[in-house]
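Here the structure is laid out as structure tokens; the discussion comes afterwards.
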Amino acid sequence: MVRKKTILVTGGAGYIGSHACKALHLAGYMPVTFDNLSQGSIDFVKWGPFFQGDLQNLSDIEAVFKKYQPEAVIHFAASALVIESLKNPSKYYRNNLFSTVNLLDTSLKFGVKKIVFSSTCATYGMPRETPILEETVQDPINPYGKSKLMIEKILSDYEDAYGLQFAALRYFNAAGNDLDGEIGECHDPETHLIPLLVQTALKERESFTIYGDNFPTKDGYAIRDFVHVNDLVRAHLLSLDYLFTHKESLKLNLGSGSGYSVMEVLNLLEAILGTKLNVKVAPKREGEPAILIADTSKAKKLLSWEAKLDLQTILKSAIDWQRNLALS
Ligand SMILES: NC(=O)c1ccc[n+]([C@@H]2O[C@H](COP(=O)([O-])OP(=O)(O)OC[C@H]3O[C@@H](n4cnc5c(N)ncnc54)[C@H](O)[C@@H]3O)[C@@H](O)[C@H]2O)c1
């Protein structure tokens, strides 16, 4: 019998990681979730073994490599709250940077040289152009984005020195949930636009605050690029294939390539639900870019990948998931 390729998935109990484990399982891989459950949930680990451990502990990482002997790593685990990173940068440099160095060193020690890494559009800071190309200057403005850019640089250094091969995938706004309703977005605290809007629409929150109505955009509201989590994880599987069949590393933007303003998202949600949301407007927050839209032509060229699921599908899956959570 052919052994299934084992993939170590750090942060596999989290939002995107759990969707990736489902997709990996369906594609015939064996995902092994490594997670400390600081976020995420054991209930989301359904498609492969679970190893509870912390990337800040070398011995935990060694133990999971020893036990499962993965052939590649997908590295989702991180602290990922921009505002928290401004208040507590130490947490971000420890949990994102140190943890990743621990992970990379252990991977190399066990002869594993292929890694897919969750980077972010936050590495572009206040981007100098739109849509954003991979070559657009990366100049992050908060410790979260800086930690992710530093990791990209570390990956490049490890490639040059040790022959590590990587895919640094720069996500735009991940959104939506598993279309079968088995797993979904569940951050604590929740800071992402779509779950916050849906929770407000379903009366789980009293109101929703929009920060800024005077951005230099068509309607004054910030514009973002929402990409369905299933599209996102499909790109991870294609990246893995790429790493197994090519010698080069990848740095790719992953977005839908389309931008929607906060007000457009709100209006579409109200239309789907036939309800009005209680919305407040507050002054814009420091360091919020007006427009973040990905140019995804490189992912299309190298992986034949593009996002397929539209904003309507994203919102409907977010509503279904939130309704399920309320019932459970
Ligand atoms: N959600 C988005 O829109 C978005 C956008 C850009 C980039 N990203 C990146 O994608 C990745 C996944 O994001 P998410 O939204 O699924 O986050 P998440 O918080 O839902 O998942 C992260 C998981 O990592 C685990 N974890 C954190 N630190 C750990 C440690 N030291 N050891 C072991 N496990 C640890 C958490 O318990 C959690 O289950 C993150 O790296 C994030 O920076 C997310």
Side-chain angles (χ1 to χ4, degrees), residues 8-22 32-45 50-61 63-64 73-82 84-85 91-103 106 115-124 132 140 142-152 167-178 183-196 224-233 235-236 252-256 292 294 314 318 321:
L8 181 65
V9 182
T10 75
Y15 167 47
I16 306 172
S18 59
H19 286 80
C21 287
K22 180 171 180 178
V32 174
T33 289
F34 180 95
D35 202 299
N36 66 0
L37 300 180
S38 56
Q39 285 275 325
S41 165
I42 184 74
D43 295 341
F44 291 176
V45 185
F50 175 58
F51 189 104
Q52 184 159 358
D54 195 313
L55 288 174
Q56 296 193 47
N57 294 334
L58 265 176
S59 57
D60 288 355
I61 314 176
V64 77
V73 177
I74 308 185
H75 179 32
F76 293 103
S79 298
L81 300 172
V82 168
E84 183 187 55
S85 79
K91 175 174 175 183
Y92 282 72
Y93 293 123
R94 283 183 189 283
N95 202 40
N96 296 357
L97 270 190
F98 288 4
S99 290
T100 302
V101 173
N102 282 344
L103 176 67
T106 313
I115 178 161
V116 180
F117 166 62
S118 302
S119 190
T120 166
C121 63
T123 58
Y124 295 109
I132 298 170
N142 50 61
Y144 167 63
K146 288 177 193 172
S147 71
K148 292 286 185 172
L149 179 56
M150 287 178 203
I151 294 169
E152 287 198 14
L169 304 180
R170 299 176 190 151
Y171 314 159
F172 282 61
N173 286 56
N177 297 290
D178 174 43
I183 42 177
E185 189 164 14
C186 226
H187 293 115
D188 182 22
E190 190 53 81
T191 58
H192 293 152
L193 176 73
I194 289 180
L196 289 176
R224 295 290 178 265
D225 178 335
F226 299 94
V227 54
H228 194 285
V229 65
N230 282 0
D231 280 325
L232 212 51
V233 301
H236 289 66
L252 296 176
N253 286 339
L254 296 181
S256 68
L292 290 174
I314 288 175
W321 172 249

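When a ligand or atom number is given, it counts from 1 through the structure's own listing order.
Under a 4.0 angstrom heavy-atom cut-off, Phe44 registers as lying outside contact with ligand 1. Residue contacts with ligand 1 leave out Cys186, since none of its heavy atoms falls under 4.0 Å from the ligand.
Judged purely by atom type and a 3.5 angstrom limit, Asp35 has no side-chain atom pairing as donor or acceptor with the backbone of Ala77.
When non-hydrogen atoms are compared, ligand 1 lies under 4.0 Å from the backbone of Leu37 (N, CA, C, O) but not from its side chain. For Lys148, every heavy-atom contact with ligand 1 shorter than 4.0 Å involves the side chain, none the backbone. Of all the heavy atoms of Cys121, none lies under 4.0 Å from any atom of ligand 1, so neither backbone nor side chain is involved. Heavy atoms of Phe172 found under 4.0 angstrom from ligand 1 belong exclusively to the backbone. The residue Glu185 has no part lying near ligand 1, judged by heavy-atom distances below 4.0 Å.
The side chain to side chain donor-acceptor pair (under 3.5 Å) with Asn36 is formed by just one residue from the set Asp54, Asp60, Thr10, Asn95; it is Asp54.
Of all atoms in ligand 1, listed by their number and element, those nearer than 4.0 Å to a heavy atom of Ala174 are 1 (N), 2 (C), 3 (O).
With sequence neighbours left out, the salt bridge (Lys or Arg N to Asp or Glu O under 4.0 Å) criterion links Asp178 to Lys22.
With atom 28 (N) of ligand 1 as the reference point, the heavy atom nearest to it among Ile151, Thr100, Asn95 is part of Asn95.
Among protein heavy atoms, the minimum distance from atom 14 (P) of ligand 1 is reached at His187 NE2, 3.8 Å. The nearest protein atom to atom 29 (C) of ligand 1, hydrogens excluded, is given as Asn36 ND2, 3.4 Å; this is a heavy-atom distance.
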